[in-house]
Novice: 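If you scroll down you'll find the structure; I have some questions about it.
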Amino acid sequence: MTPLSVQAFVFDCGGVILRDGNPGPYQLWAGRLGMTEAELRQQLWGGESWTLAELGHISEEAFWFHVAPSLGLGDERDVQQLATDIWSTWRVDADVLDVVDDLRQTHRVAMLSNATDALERKLSETYGVADRFDPLLNSARLGVAKPDERVYAELCRRLQLEPREIVFIDDRADNIVAAAAFGLHVIWFVSPSELARQVATLRQPMQA
């Protein structure tokens with residue numbers, strides 16, 4: 001594969017565009033629920049409830065009530081407050097957004113995220129960045145999630161590009177490995193500065 005072929009850059013959302021900006025709510029709720037922060041994160045994002053939500057089998061709202069019993073939460077107001085507090089931890093990474101905006105001048109920019117059915121609304125109404133990505137592919141709408149190779153096949157179909165024409169950016173190693181095996185160029189996200197460096201390397205031949 002050669003960088004000369006790159007036509008599109010595709011970004012993951014959580015951990016790349018949206019970053020953990022304030023761990024306080026996790027720490028507060030973990031203490032309240034009698035667990036560590038790591039245990040709370042695992043309960044939320046590592047179990048059956050999240051799998052159902054990211055595949056679109058249950059809604060964003062249903063997800064929080066589905067996971068609540070495993071946390072020992074039974075009061076509806078507590079469940080709703082937990083959801084609100086956890087969403088408040090996310091922040092748009094301004095440095096990553098600068099890379100996105102710069103890329104949009106010369107390339108197609110898309111998003112591929114494992115998320116609930118609330119993703120599009122949150123990116124539009126809460127974070128104001130949805131219009132930067134076309135298409136915006138959400139596992140809950142597709143019914144398949146990374147690292148399943150079918151999600152990368154659908155990405156190529158929606159973009160009408162070959163894998164070698166796409167750069168995929170994600171913070172999870174399993175998603176990066178699967179994307180690379182499918183034939184996409186990949187950038188394993190570790191920091192905004194390293195992202196900018198690798199993007200510059202991949203796009204430079206097109207600007208010569």
Side-chain angles (χ1 to χ4, degrees), residues 1 5-20 44-46 49-63 87 90-93 96-189 192 195 198-199 202-203:
M1 295 187 294
S5 66
V6 170
Q7 301 294 319
F9 285 79
V10 180
F11 288 78
D12 176 37
C13 184
V16 179
I17 301 297
L18 298 183
R19 308 281 299 284
D20 267 340
L44 290 174
W45 315 123
S49 298
W50 176 248
T51 298
L52 291 171
E54 72 176 354
L55 293 177
H57 299 317
I58 60 175
S59 67
E60 161 80 15
E61 181 179 10
F63 161 72
W87 267 109
W90 292 105
R91 298 287 186 274
V92 175
D93 190 307
V96 174
L97 202 61
D98 284 345
V99 174
V100 169
D101 287 340
D102 188 45
L103 278 170
R104 292 176 67 218
Q105 307 305 310
T106 55
H107 293 74
R108 298 175 65 185
V109 177
M111 178 179 287
L112 176 60
S113 180
N114 288 356
T116 72
D117 62 0
L119 178 68
E120 295 87 348
R121 175 173 54 83
K122 291 287 188 179
L123 289 179
S124 177
E125 298 177 5
T126 303
Y127 302 106
V129 299
D131 61 348
R132 287 170 164 86
F133 305 96
D134 184 24
L136 198 165
L137 301 183
N138 177 358
S139 64
R141 310 291 182 188
L142 300 175
V144 62
K146 300 173 293 185
D148 191 314
E149 68 174 16
R150 291 176 295 172
V151 84
Y152 304 111
E154 180 63 13
L155 172 66
C156 293
R157 189 187 73 80
R158 294 285 186 94
L159 287 170
Q160 296 186 315
L161 294 173
E162 297 296 323
R164 63 183 176 82
E165 298 177 300
I166 301 169
V167 178
F168 175 64
I169 300 148
D170 202 293
D171 64 317
R172 291 182 56 95
D174 53 347
N175 295 338
I176 286 293
V177 168
F182 193 77
L184 279 66
H185 298 282
V186 295
I187 296 175
W188 187 0
F189 181 84
L195 170 65
Q198 294 196 48
V199 163
L202 285 166
R203 74 188 298 199

Novice: Is there a donor-acceptor pair closer than 3.5 Å between any side-chain N or O of Lys146 and the backbone N or O of Ala179?
Specialist: no
Novice: Would you mind reporting whether Phe133 and Cys13 have side-chain heavy atoms less than 4.5 Å apart?
Specialist: no
Novice: Sub-3.5 Å donor-acceptor pair from the side chain of Ser139 to the main-chain atoms of Ala115, do we have one?
Specialist: yes
Novice: Looking at Leu123, Asp170, Asp12, Leu136, which hits side-chain contact (heavy atoms from CB on, under 4.5 Å) with Ser113?
Specialist: Asp12
Novice: Should we say atom CZ of Arg19 is surrounded by more than 12 heavy atoms from elsewhere, each under 6.0 Å from it?
Specialist: yes
Novice: Would you say Leu18 and Val92 make side-chain contact, with heavy atoms under 4.5 Å?
Specialist: yes
Novice: Side chain to side chain contact (heavy atoms under 4.5 Å, CB included) with Ala118: which residues, sequence neighbours excluded?
Specialist: Glu60, Thr116, Arg121, Lys122
Novice: Do the rings of Phe63 and Trp45 sit parallel, tilted or perpendicular, given the 30° and 60° boundaries?
Specialist: parallel
Novice: Is a side-chain donor or acceptor of Trp188 paired with a backbone partner of Asp171 at a separation under 3.5 angstrom?
Specialist: yes
Novice: When you compare the side chain of Ile166 with that of Phe182, does any pair of heavy atoms fall below 4.5 Å?
Specialist: no
Novice: Can you check whether Leu159's main-chain N or O pairs, donor with acceptor, with Arg108's side chain at less than 3.5 Å?
Specialist: yes
Novice: So do Leu184 and Leu155 actually touch side chain to side chain, heavy atoms under 4.5 Å?
Specialist: yes
Novice: Tell me, do Leu202 and Ile187 make a side-chain contact under 4.5 Å, heavy atoms counted?
Specialist: yes
Novice: Does any part of the side chain of Arg203, heavy atoms only, come nearer than 4.5 Å to the side chain of Val6, both counted from C-beta?
Specialist: no
Novice: How are the rings of Phe168 and Tyr152 set to each other: parallel, tilted or perpendicular (split at 30° and 60°)?
Specialist: perpendicular
Novice: Can you check whether Arg164's main-chain N or O pairs, donor with acceptor, with His185's side chain at less than 3.5 Å?
Specialist: yes
Novice: Should Trp90 and Thr126 count as side-chain neighbours, where that means a heavy-atom distance under 4.5 Å?
Specialist: no
